[in-house]
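Presented below is the structure to which this report refers.
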Amino acid sequence: MVAHEPLTLVRLQRAASRLRIAGDIARLAAGGGTSILPALQEAYAQLAPAHARVKHVILLTDGQSAYQGIPELVDEMAQARITVSAVGVGDGADRTMLAQIAEWGGGRFYFTQDATSVPKIFTKETTEVARSAIVEEAVQAHAVKRADVLAGVDLAAAPPLRGYVTTKPKPVAEVLAVSQHGEPLLARWRVGLGKVTAWTSDLKARWSAPWIGWPGFAKLWAQVARDTMRARASQRFDLRAEVGDGAIRVEVDAIDGKDRFVDGLDGEVSAIDPDRPKEKLAFALRQTGPGRYRADFPTRSNRAARSLLLRAALTRDGKPVGEAAGSVSMGYPAEYASLSQNDALGERLAAITGGQEGIAPADAFEPRGERTRFTRDLWPPFLGFAAALLLVDVLLRRVRILRRFASEDSP
C-alpha cells in the first residue's frame with residue numbers, strides 16, 4: 001500500500017520461480033497510510049477469475065482504516081468462496097475491525113506485538129487453509145448418473161466414508177458420484193485415446209475402512225478398473241457417413257467374420273472436430289435392419305467447410321463387440337453454390353418493389369422507358385480553355401518582342 005493505492009508486488013501465479021518472487025517481495029518498503037478497502041478489492045479482482053480449488057486472502061496490517069465498504073466486500077468475497085484471514089501487528093492495529101473481517105470472511109484472526117513472528121503466523125495459516133480442503137466426517141456417496149461402471153452397485157446401501165478431498169470437476173469430466181455436499185467423489189474423462197478415473201477419497205483404512213468390508217466394494221473397483229482400461233473390440237465393422245439437408249447420417253454394418261448379421265447390439269457414435277477436440281458429440285445408434293445401425297444428427301450452423309472424425313462403438317450387455325471408424329467432410333452451405341436462375345423469385349421481387357422482370361441488363365438502369373436526367377458543371381472545361389488561350393497569347397507576345405529586338409540589332 002502506498003498513499004491509499006494498492007501496489008502489486010507479485011501478480012497471482014504459480015510458485016515456481018520462488019527466488020524471483022522472494023526478490024519482488026523484498027522490494028516492499030514502509031510508507032503511506034493504511035487503506036484496507038482498495039487492497040481487498042485488488043485481491044478480490046485477482047482471485048475471482050482464477051481456477052483454483054482454494055482461494056484465500058491473508059490481510060496483514062499495523063494500522064487502522066475506515067470501515068466503509070469493507071463488510072459488503074468481504075461478504076461478496078465469501079459468497080465467491082474466497083476466505084479472508086486477518087493479522088494485526090502492534091498496538092496501532094484495529095483489533096476489533098480485523099476480528100470482524102476474519103469472522104465475515106470465514107477465516108482466522110491473529111495478533112502479535114512482535115513483527116518477527118509474522119512468518120510463523122503465515123506458515124500456520126497456510127497449513128490451516130490446506131487442511132480445510134479435506135473433509136473428515138461421515139460422507140455418504142450418491143450416484144448422480146447411470147453408467148456401466150456402477151451397474152449392480154447400490155451406493156445408497158454403502159456405508160459412509162470417513163473423508164475425502166474437496167475438488168472441482170474438469171469441464172470435460174463426467175461426474176458419476178458425489179458426496180452429500182454435492183462435491184465429486186467419482187469422475188471420469190477422456191484424454192486422447194485413453195480414459196482417466198478420479199476418486200477423491202482413499203482406498204485405505206483412513207477414510208475407506210467401512211467400505212473394505214462392504215460387499216459392493218470389490219465389484220465396484222473391478223468395474224472401475226475394466227472401464228478405465230482401453231477395451232479392444234473383437235471385430236471391426238464398416239462405417240458410412242453422408243451429409244444431407246442439415247444433418248449427417250452415419251450407418252454401421254455389423255457383419256461378423258462368417259458373413260452373418262450381428263443383431264441386438266447397443267451402439268454409440270461420437271463425432272469430433274479436429275479443430276475443437278474438446279467439443280465431442282455423441283449420439284445413440286439404433287438398429288434399422290439386419291446388422292445395420294444408424295444415427296442421424298444435425299450439422300452445426302457453420303459457414304466454413306470442415307471435417308469430422310467419427311467413431312462408433314457397439315456393445316452387448318456392456319461388453320464391447322465391435323467398433324468402426326471413419327470421417328465425413330462438409331462443404332460450404334448451399335447458398336454459396338452456383339445455382340440456376342430463380343425466375344419465380346425474380347417475378348415476386350419485381351411485383352413487391354414495383355419494378356420489372358425479364359428485361360435486358362442495359363434497360364435496368366432506365367426503368368419504365370424513362371431517361372435519367374442529371375446535371376454536369378460546365379465551368380471546368382471553359383476554365384481550361386481560357387487558361388489555354390492565355391498561354392497562347394503570352395507565347396505570341398513574346399515571339400513578337402523577340403523579332404523586334406532582332407530587327408533593331410541587325411545592321
Side-chain angles (χ1 to χ4, degrees), residues 1-134 165-168 170-171:
M1 294 283 302
V2 176
H4 305 288
E5 292 294 333
L7 172 64
T8 301
L9 296 176
V10 181
R11 300 293 299 181
L12 186 66
Q13 59 184 278
R14 295 183 179 275
S17 304
R18 298 187 179 184
L19 292 178
R20 181 171 58 82
I21 293 175
D24 292 338
I25 295 176
R27 295 189 293 110
L28 180 64
T34 300
S35 186
I36 293 177
L37 181 61
L40 286 178
Q41 289 173 335
E42 178 65 20
Y44 183 29
Q46 292 195 34
L47 284 175
H51 298 284
R53 177 167 48 87
V54 177
K55 301 180 182 181
H56 187 64
V57 175
I58 303 177
L59 171 64
L60 172 67
T61 181
D62 63 350
Q64 300 186 11
S65 177
Y67 280 56
Q68 185 177 4
I70 293 180
E72 294 80 7
L73 176 61
V74 177
D75 286 341
E76 187 176 351
M77 295 172 71
Q79 293 176 5
R81 303 187 68 177
I82 301 175
T83 54
V84 182
S85 292
V87 181
V89 180
D91 294 331
D94 190 340
R95 302 188 193 184
T96 303
M97 182 185 66
L98 294 178
Q100 290 179 345
I101 289 176
E103 182 179 356
W104 298 327
R108 286 152 294 276
F109 168 62
Y110 303 89
F111 176 78
T112 179
Q113 291 282 5
D114 185 7
T116 59
S117 63
V118 170
K120 294 181 180 179
I121 295 176
F122 272 59
T123 301
K124 179 181 179 182
E125 176 63 10
T126 304
T127 303
E128 291 291 334
V129 172
R131 186 179 302 167
S132 65
I134 296 176
V165 178
T166 61
T167 59
K168 290 184 178 180
K170 293 177 175 291

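Position 1 is the first residue of the sequence; numbering continues from there.
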- Task: Applying side-chain contact (heavy atoms from CB on, under 4.5 Å), run through E103 and F109 and close with a yes or a no.
- Result: CA-CA 8 Å; E103 182 179 356; F109 168 62; over 6 Å; no
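- Sorted by first then second residue, the side chain to side chain donor-acceptor pair (under 3.5 Å) pairs that include residues 56-65, not counting sequence neighbours, are H56-T83, H56-S85, H56-E125.
- Checked against side-chain contact (heavy atoms from CB on, under 4.5 Å), A80 has the following partners two or more places apart in sequence or in another chain: Y44, I82.
- Evaluation of the salt bridge (Lys or Arg N to Asp or Glu O under 4.0 Å) rule for R18 yields no partner, not counting sequence neighbours.
- Pairs engaging residues 32-42 under the salt bridge (Lys or Arg N to Asp or Glu O under 4.0 Å) rule: R11-E42 [sequence neighbours left out].
- With rounding to the nearest 0.5 angstrom, the OG atom of S35 is 9.5 Å from the CG atom of L40.
- Counting only residues at least two apart or in different chains, salt bridge (Lys or Arg N to Asp or Glu O under 4.0 Å) contacts with residues 78-87 comprise R81-E183.
- The CD1 atom of I36 sits 14.0 Å away from atom CD of Q68, with the distance rounded to the nearest 0.5 Å.
- L60 meets the side-chain contact (heavy atoms from CB on, under 4.5 Å) test with V87, V89, V118, F122; sequence neighbours excluded.
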For residues 20-31, which side-chain donor-acceptor pairs fall under 3.5 Å, sequence neighbours excluded?
| unit_1 | atom_1 | unit_2 | atom_2 | d |
| --- | --- | --- | --- | --- |
| R20 | NH2 | Q13 | OE1 | 3.1 |

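- Within the structure, side chain to side chain donor-acceptor pair (under 3.5 Å) contacts touching residues 111-123 (residues at least two apart or in different chains) are D91-Q113, T112-S117, D114-T116.
- Annotation: side chain of Q41 is in contact with side chain of L73 (closest heavy-atom distance under 4.5 Å).
- If you take CD1 on I101 and CE on M77, they are separated by 10.0 Å, rounding to the nearest 0.5 Å.
- Residues satisfying the salt bridge (Lys or Arg N to Asp or Glu O under 4.0 Å) test with E76, not counting sequence neighbours, are none.
- The minimum heavy-atom distance between G88 and A93, with the atom names listed, is CA-CB, 3.9 Å.
- Shortest non-hydrogen contact noted between A39 and P6 is CA-CB, 4.3 Å.
- The distance from atom CG of L98 to atom CG of L59, rounded to the nearest 0.5 Å, is 6.0 Å.
- Using a 4.5 Å heavy-atom threshold, the side chains of D94 and Y67 count as touching.
- Counting heavy atoms from C-beta on, the side chains of W104 and V84 never come closer than 4.5 Å.
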